[in-house]
2 protein chains.
Amino acid sequence: MDVHGRDLRYFTSVAEELSFTRAAERLFVSQPALSKQIRMLEKQLGVVLFERDRRAVRLTAVGEALLPHARAMLAAWEAAQTAVQEARTAERHTLVIGMSTSPGRGLLPALRARLDFRHPEARPILRQVNWADPSAGLADGSSDVAYVWLPLPDEDRYQYAVVAREPRLVALPDGHPLAARAASDSEGMVDFSDLWDEPFLALPPEAGPLRDYWLALDARDGRQPRIGGVVASAEETHEAVAGGQGVALLATGNAPLVVRDKVIAVPVRGISPAQLAVAACRDDKRTLVLAYLAAAREVGATTC
Amino acid sequence: MDVHGRDLRYFTSVAEELSFTRAAERLFVSQPALSKQIRMLEKQLGVVLFERDRRAVRLTAVGEALLPHARAMLAAWEAAQTAVQEARTAERHTLVIGMSTSPGRGLLPALRARLDFRHPEARPILRQVNWADPSAGLADGSSDVAYVWLPLPDEDRYQYAVVAREPRLVALPDGHPLAARAASDSEGMVDFSDLWDEPFLALPPEAGPLRDYWLALDARDGRQPRIGGVVASAEETHEAVAGGQGVALLATGNAPLVVRDKVIAVPVRGISPAQLAVAACRDDKRTLVLAYLAAAREVGATTC
DNA sequence: CGCTGTGATAGCCATGAGTTATGGACGTCC
DNA sequence: GGACGTCCATAACTCATGGCTATCACAGCG
């Protein structure tokens, strides 16, 4: 039914040398082994491939018919092997970088430059992941490294480096009463306690602890937040805030993505700053991944 | 180094089914066997071909790269097999008919018709063989059946059927004294004893007993013949006789090939008639060979 | 909770591909 | 003409491999 590639190699060698002994030493096997294999091949095909005269070995018509096919298959296998190796190195040099929204803040070019310097062969690929996955693709392996907001669910499964630490703002419709209150504040801020009764836009439930974090559950003294809607992208957030469905906490660096038209953002007193990190799976020891994390640590040291 | 075709089959099956279990039953092997083989293939190539998630199996980028090559090789093997089978049937239907000179006497068409009747698929091929080989290619296997003159060297190696039995003539230059003697003979013949001292044209030494036969050694009472030259074809014989190098014995049916211009042929008294046979190797039991011999026997029964 | 379906693992066995040693048929050389 | 060398085939053995069954671990589902 099938052939072993080896048998084809043996066959072509004997066909080229027209001698079992010489072919055997060219193939680095013993002559009886070669004889036997050729016999097995002939038996399998039900034909005679070589005419073993006392003094000479020569191809039969059938052998002649097989030879070009055998050569073609061997060449095809060579090609297949190189294709596999190429795919493998391409894969080794590819780094899939997951992110929810563009991390901005000049982070991507800064890290890219550091990666390029150490690993010019690297081929980083940027990948947008829905906000519903707080690990930005790490959890299901679709990203090698990712820009994530802390805290991560299952945080001990990951290794990470914080690259930005920024106060959180609240996004409001521009006519909102709290906007005026902030304007009258000495620092232009609002207290989070003033937001307790506001309807909030939340991440999808799958986001787990991250959803809680952006609702600032820990700063509510045990009170349940009112959920005004679920959003899974900057665009949705803008629309929902402008439409009066609720307010939403934002990292400072993300404000430009949401603040326009009828939406403003105001700093909030009494909640912890947001932390953006570059993360990877804890057990991932691949060179490029570690290099990207190292770059993140360097950049993080200067920006935080 | 090489692959077993089976592994490629297994690989493509799993790639198509994206399930080891289903692929295994499609391949009529157990699921563990399939798992193991795929692992071995991956180990051999040093790459991961499938990503086995708990719930799903999918091709890696490397697997994707291998798949088309694997398919191509399987297709190539299919093609190779059909090529071999075609060559085999072509070979089975081919009958190489060896002959020294054209046997003439209407034998070829008569036998051809009988062969066609029984085996319309047969593809007889006529092959001219030098007179130096009295077996007309049977000895070295280059002919399957052959028109030969008896006696054959190693006669027990062959099976044969006599298809013509004819008096032998002697070819002479037209001015030769024996031509006149024959003309005055009551039966228009010469006695072989009259030829004892003539120079004879002989077959090459390799022809063995056949050379002796056409020198009619047995009718010389122990006297050695004088050899006027060596000939290996009808054309050479004509030239040599016409040129006076010597005389030569001929089968009646072959006379037309030699007798023209300055060469005549005269019946000889005192030597046995020539016997033309169709022969094959004794141990050759192939259908077409036996059929041709049977046809020869039928035709021989009517002509002898 | 147990049931089902999937892939991996373990242990067993037959086969297959390799080895060395040897045999038989020719050529060749002294 | 006998000794030897060459070449392919055969024999006997070893060990890896490909197959099997039985079983486990885990996820999804009723």
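It should be emphasised that the depicted structure is a prediction, and the values quoted were computed from it without experimental measurement. Sequence lines set the chain letters: A, B, ... in the order given, protein chains first and strands last, and positions in each chain run from 1.
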Under 4.0 Å between a side-chain N/O of A/Arg6 and OP1 or OP2 of C/dA17, yes or no?
-> yes
Rounded distance (Å) that lies between atom P of C/dG16 and atom CD of A/Gln44 | 11 Å
Assess whether atom NZ of B/Lys43 is packed by more than 12 heavy atoms of other residues, nucleotides or ligands within 6.0 Å.
-> no
How many Å lie between CD1 on B/Ile38 and P on C/dG7, as a whole number?
-> 11 Å
Partners of B/Arg71 by salt bridge (Lys or Arg N to Asp or Glu O under 4.0 Å), sequence neighbours excluded?
-> B/Glu16
Establish, with yes or no, whether the OP1 or OP2 oxygen of D/dC8 is under 4.0 angstrom from a side-chain nitrogen or oxygen of A/Thr21.
-> yes
Rounded to the nearest angstrom, tell me the gap between atom NZ in A/Lys43 and atom P in D/dA9.
-> 15 Å
Find the distance B/Gln37:CD to C/dA8:P and express it as a whole number of Å.
-> 13 Å
Per atom distances to the A/Lys36 side chain, the nearest of C/dA17, D/dG18, C/dA8 is C/dA17
Could you give the CZ-to-C1' distance, from B/Phe50 to C/dA8, as a whole number of Å?
-> 16 Å
Distances under 3.5 Å only, N/O to N/O: pair up the protein atoms with those of nucleotides 20-26 of chain C.
| residue | atom | partner | partner atom | Å |
| --- | --- | --- | --- | --- |
| C/dA25 | O3' | A/Arg54 | NE | 2.9 |
| C/dC26 | OP1 | A/Arg54 | NE | 2.8 |

Hey, is the side chain of A/Arg52 poking within less than 4.0 Å of OP1 or OP2 on D/dC7, counting only N and O atoms?
-> no
So, is B/Arg22 close to the C/dG5 phosphate, meaning a side-chain N or O under 4.0 Å from OP1 or OP2?
-> no
Nucleotide nearest B/Val29 when distance is taken to its side chain, options C/dT6, D/dC20, D/dC8 | D/dC20
Which whole-number value in Å describes the distance from A/Leu27 CG to C/dT19 P?
-> 11 Å
Does A/Ser35 put a side-chain nitrogen or oxygen below 4.0 Å from OP1 or OP2 of D/dA9?
-> yes
Are B/Glu25 and B/Thr21 linked by a side-chain donor-acceptor pair shorter than 3.5 Å?
-> no
For A/Glu78 and A/Thr82, run side chain to side chain donor-acceptor pair (under 3.5 Å): C-alpha distance rounded to whole Å, both residues' side-chain angles, the deciding distance at 0.1 Å, then the answer.
-> CA-CA 6 Å; A/Glu78 291 294 323; A/Thr82 65; over 6 Å; no
Do other residues, nucleotides or ligands put more than 12 heavy atoms under 6.0 Å from B/Arg92 CZ?
-> no
Checking all strands, does A/Tyr10 fall into the base, sugar-phosphate, or nothing category for heavy-atom contacts under 4.0 angstrom?
-> sugar-phosphate
Residue set satisfying ring pair (Phe, Tyr, Trp, His ring centres under 6.0 Å) with B/Trp214, at least two apart, ordered chain then number -> B/Trp149
Evaluate the side-chain contact (heavy atoms from CB on, under 4.5 Å) criterion for residues A/Trp131 and A/Glu236: first the C-alpha distance (whole Å), next the side-chain angles of each, then the deciding distance (0.1 Å), finally the verdict.
-> CA-CA 11 Å; A/Trp131 286 5; A/Glu236 288 176 63; over 6 Å; no
Taken to the nearest whole Å, NE2/B/His4 to C1'/C/dG16 is 11 Å
Provide, to the nearest angstrom, the distance between the CD atom belonging to B/Glu25 and the C1' atom belonging to C/dG7.
-> 14 Å
